[in-house]
Amino acid sequence: MKKLMLIALLSLTACGKTYTRVTEEVAIPATTVPLTDVQEIVADENEYRNGLGQSTLSPGLSCALYTIVSGDRIQSSIPGHNTLSGISHVASFTHDGSFNQISSSVNDGMNVLPLPLRVTYKNMYLLRCQGQIVITETGYYNFELTSDDASILYVGGAKVIDNDNNHSPTLVVGQKYLRRGVHTFRIDYAQAGGGSQALILKSSGVAIPTDRFYK
């Protein structure tokens with residue numbers, strides 16, 4: 001443990017000269033703020049990345065917004081549905097919140113989007129947010145994704161939830177075994193048309209804390 005040394009000094013003046021001598025030395029423990037589990041995991045990951053000369057993690061997810069011309073399905077087409085087409089990138093931003101857009105009118109704007117974007121883009125767009133998710137305990141994790149329209153969730157390089165196609169608010173649940181540490185994360189959402197929207201992501205019935213997301 002690091003310590004701060006406190007030294008007491010005694011000054012004496014004699015014959016016009018000042019003499020100083022040490023009278024006492026006391027060791028005081030340095031106070032430090034303990035890291036949370038998330039901070040400790042991120043610190044270890046960043047130390048590892050530094051050793052490899054890689055960029056370190058920072059809070060939030062990297063998001064990209066695309067306009068679409070037609071289609072209602074993010075993945076390959078299936079009978080009765082068409083894959084999104086005419087995809088064009090219009091903006092990139094960092095999302096440092098949760099995914100909690102309850103079912104509402106598209107005129108309210110998607111709350112994951114920054115304010116200037118949610119005012120402009122209400123329909124016919126694809127949103128993709130990706131980065132890392134911090135898992136503090138090893139075990140099985142239940143993810144619940146509600147969306148209107150299409151959404152897909154990837155965790156640890158695997159598709160955990162497929163909630164694709166144009167539909168009203170629909171909940172799909174998926175499970176994945178994850179070890180303590182940092183895992184890749186990606187969520188795709190498409191608002192293909194209509195007057196309503198929704199995008200809610202939870203784990204075991206609770207919104208995922210915002211401090212779990214990094215890019």
Side-chain angles (χ1 to χ4, degrees), residues 34-46 48-49 56-66 73-75 92-104 106 108-114 117-118 125-192 196-215:
L35 297 177
T36 65
D37 280 350
V38 173
Q39 291 172 330
E40 183 178 336
I41 292 170
V42 172
D44 289 343
E45 175 69 14
N46 282 341
Y48 172 73
R49 290 178 174 227
T56 55
L57 299 177
S58 58
L61 294 170
S62 297
C63 297
L65 180 66
Y66 306 83
R73 184 171 168 83
I74 300 172
Q75 304 167 104
S92 296
F93 61 94
T94 295
H95 177 57
D96 56 5
S98 58
F99 296 90
N100 63 346
Q101 176 60 66
I102 62 173
S103 181
S104 63
V106 295
D108 295 337
M110 168 61 64
N111 63 15
V112 177
L113 301 177
L117 296 178
R118 75 179 71 164
Y125 66 81
L126 168 67
L127 172 65
R128 173 168 294 161
C129 294
Q130 57 191 339
Q132 310 287 329
I133 185 171
V134 179
I135 299 299
T136 57
E137 295 183 13
T138 298
Y140 284 97
Y141 284 80
N142 291 318
F143 294 93
E144 303 117 42
L145 182 58
T146 301
S147 68
D148 172 2
D149 294 305
S151 62
I152 306 174
L153 175 68
Y154 302 86
V155 180
K159 182 165 58 178
V160 177
I161 293 179
D162 186 339
N163 198 2
D164 211 347
N165 303 329
N166 189 7
H167 49 64
S168 58
T170 302
L171 168 65
V172 176
V173 178
Q175 186 182 77
K176 184 170 177 59
Y177 182 83
L178 296 168
R179 294 188 179 277
R180 173 185 167 91
V182 178
H183 301 267
T184 58
F185 175 92
R186 177 178 135 194
I187 186 169
D188 291 348
Y189 170 75
Q191 174 57 39
S196 60
Q197 61 181 0
L199 181 60
I200 303 171
L201 176 62
K202 296 181 179 181
S203 179
S204 298
V206 179
I208 300 174
T210 58
D211 69 345
R212 303 297 176 91
F213 295 124
Y214 284 79
K215 60 184 177 63

### Message
If you apply the rule side chain to side chain contact (heavy atoms under 4.5 Å, CB included), what do you find for Val134 with Glu45, and how did you get there?
### Response
CA-CA 10 Å; Val134 179; Glu45 175 69 14; over 6 Å; no
### Query
So how far is it from Asp164 CG to Ser151 OG, rounded to the nearest 0.5 Å?
8.0 Å
### Task
Could you point out which residue of Ile152, Leu199, Leu127, Ile161 forms a side-chain contact (heavy atoms from CB on, under 4.5 Å) with Ile187?
Leu199
### Query
Atom CG in Leu117, atom CG in Leu65: separation rounded to 0.5 Å?
6.0 Å
### Task
Write down the atom of Ala190, the atom of Asp149, and the distance for their closest heavy-atom approach.
O-CB, 3.3 Å
### Query
Given Asp162 and Val172, is the side chain to side chain contact (heavy atoms under 4.5 Å, CB included) satisfied, shown in steps?
CA-CA 7 Å; Asp162 186 339; Val172 176; over 6 Å; no
### Query
What do you reckon, is CZ of Arg179 surrounded by more than 12 foreign heavy atoms closer than 6.0 Å?
no
### Option from Lys176, Lys202, Gln175 for which side-chain hydrogen bond (donor to acceptor under 3.5 Å, both in side chains) with Asn142 holds
Gln175
### Task
Using the ring pair (Phe, Tyr, Trp, His ring centres under 6.0 Å) rule, collect all pairs that involve residues 146-187, keeping only residues at least two apart or in two chains.
Tyr140-Tyr177, Phe185-Phe213
### Side chain to side chain, Leu61 and Lys215, heavy atoms closer than 4.5 Å
no
### Task
Report the distance from atom CG of Asn100 to atom CD1 of Ile208, rounding to the nearest 0.5 Å.
11.5 Å
### Summary
Between Asn163 and Ser147 the two heavy atoms that sit nearest each other are ND2-OG, 3.2 Å
### Task
Start with the C-alpha gap between Thr184 and Gln132, add the side-chain angles, then the distance that decides, and say whether side chain to side chain contact (heavy atoms under 4.5 Å, CB included) holds.
CA-CA 4 Å; Thr184 58; Gln132 310 287 329; 4.0 Å; yes
### Minimum heavy-atom distance between Ser203 and Tyr141, given as atom pair plus value
OG-CD2, 4.1 Å
#### Entry: Where Phe93 and Val112 come nearest, the two heavy atoms and their spacing
CE1-O, 3.6 Å
### Query
Can you tell which of Thr146, Asp108, Asn111, Leu201 makes a side-chain contact (heavy atoms from CB on, under 4.5 Å) with Gln101?
Asn111
### Flag, side chain of Glu144 to backbone of Leu171, donor-acceptor distance under 3.5 Å
no
### Query
Any sub-3.5 Å donor-acceptor pair from Asn166's side-chain atoms to Ala192's backbone N or O?
no
### Query
Say you draw a straight line from CD of Gln197 to OG of Ser103; how long is it, rounded to the nearest 0.5 Å?
8.0 Å
### Task
Kindly give the heavy-atom pair with the smallest separation between Gly60 and Thr94, and that separation in Å.
CA-CG2, 4.1 Å
### Task
Kindly say whether Leu113 contributes a backbone atom to a donor-acceptor pair with the side chain of Arg118 at under 3.5 angstrom?
yes
## Note on the structure
Heavy atoms of Ile102 and Ile200 approach each other most closely as CA-CD1, 3.9 Å
### Task
Start with the C-alpha distance between Tyr214 and Val38, add both sets of side-chain angles, then the distance that settles side chain to side chain contact (heavy atoms under 4.5 Å, CB included), and finish with yes or no.
CA-CA 11 Å; Tyr214 284 79; Val38 173; 4.1 Å; yes
## Note on the structure
Distance col, row Leu126:CG vs Gln191:CD, nearest 0.5 angstrom, shows 11.5 Å
### Query
Phe99: what forms a ring-ring contact (aromatic ring centres under 6.0 Å, His included) with it, not counting sequence neighbours?
His95
#### Entry: Side-chain donor or acceptor of Arg180 paired with backbone N/O of Ile135 under 3.5 Å
no
### Query
Measuring from Ile41:CD1 to Asn46:CG, what's the distance to the nearest 0.5 Å?
12.0 Å
